[in-house]
Amino acid sequence: MMRAWILPMLLVLCGSVVATGLISRGDLGAAAALLLMFVLLAGVNSPLIFPRSIGALEAQRRSAVDGRPVVFWRSGCKYCLRLRIRLGRSARQLHWVDIWRDPAGAAAVRAANDGNETVPTVLVAGQPHVNPDPEWVR
């Protein structure tokens, strides 16, 4: 769980250090703008923008019932972020599994990708698709 927050915390920390330097020089406007930019970057790279994750076994069970795809992802992955943003509101219709939180999800991704934890991996009708085009997923 803590791994998912390392990058966002580093972004906020770096932004705070740089903003403190700007404040000490008397440039409050630039400090505020820069800190806001770093906080926004931290938010985009955090797990907060993704729909709530569930376990891999539960996601696969739900997918078998409703036919919706399962998306295996991890925070800090730019391809997962691209998929999430391009899907927009329809992303909430999918079953999302954070492989850093769920060992069964990580194992499922490794099984589908020759031992690699390549994400996003989208499971549609039992078939894995690695880093698919967001339009195709939609």
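Just so you know, residue 1 is the first one in the sequence shown, and it goes up from there.
- Hydrophobic cluster membership of L13, counting Ile, Leu, Val, Met, Phe, Trp and Tyr whose side-chain heavy atoms lie under 4.5 Å apart directly or via other members: none, as it forms a cluster of its own.
- Put simply, CZ on R74 and CD1 on I99 are 6.5 Å apart, with the number rounded to the nearest 0.5 Å.
- Going from atom CG of L10 over to atom CG of L41 covers 12.5 Å, rounded to the nearest 0.5 Å.
- Remark: N113 pairs with V109, N116, T118, T121, V130 by the side-chain contact (heavy atoms from CB on, under 4.5 Å) rule, at least two apart or across chains.
- Sorted by first then second residue, the ring-ring contact (aromatic ring centres under 6.0 Å, His included) pairs that include residues 105-138, not counting sequence neighbours, are H129-W136.
- Residue V65 belongs to no hydrophobic cluster, having no ILVMFWY side-chain heavy atom closer than 4.5 Å to its own.
- Atoms CZ and OG, from F38 and S16 in turn, are 9.5 Å apart once rounded to the nearest 0.5 Å.
- Listed by chain and number, the residues in a side chain to side chain donor-acceptor pair (under 3.5 Å) with D66 are H95 (sequence neighbours excluded).
- Put simply, the side chain of L7 reaches to within 4.5 Å of the side chain of L11, judged on heavy atoms.
- Residues passing the side-chain contact (heavy atoms from CB on, under 4.5 Å) test with S90 are L87, Q93, R138, sequence neighbours excluded.
- In this view, L40 and L36 satisfy the side-chain contact (heavy atoms from CB on, under 4.5 Å) rule, not counting sequence neighbours.
- Counting heavy atoms from C-beta outward, V44 and L81 have side chains that approach closer than 4.5 Å.
- Using a 4.5 Å heavy-atom threshold, the side chains of V122 and L83 count as touching.
- Under the side chain to side chain donor-acceptor pair (under 3.5 Å) criterion, R61 pairs with E58, not counting sequence neighbours.
- By the side-chain contact (heavy atoms from CB on, under 4.5 Å) test, P8 pairs with W5, A42, S46, sequence neighbours left out.
- Through side-chain heavy atoms spaced under 4.5 Å, either directly or across other Ile, Leu, Val, Met, Phe, Trp or Tyr residues, V17 is tied to no other residue.
- Not counting sequence neighbours, the partners of E117 by the side chain to side chain donor-acceptor pair (under 3.5 Å) test are R110.
- Taking CH2 from W100 and SG from C77, the interatomic distance works out to 9.0 Å, rounded to the nearest 0.5 Å.
- L94 places a side-chain heavy atom less than 4.5 Å from the side chain of V137.
- Applying the side chain to side chain donor-acceptor pair (under 3.5 Å) test to R82 and every residue at least two apart in sequence or in another chain returns nothing.
- No side-chain heavy atom of F72 sits less than 4.5 Å from a side-chain heavy atom of P128.
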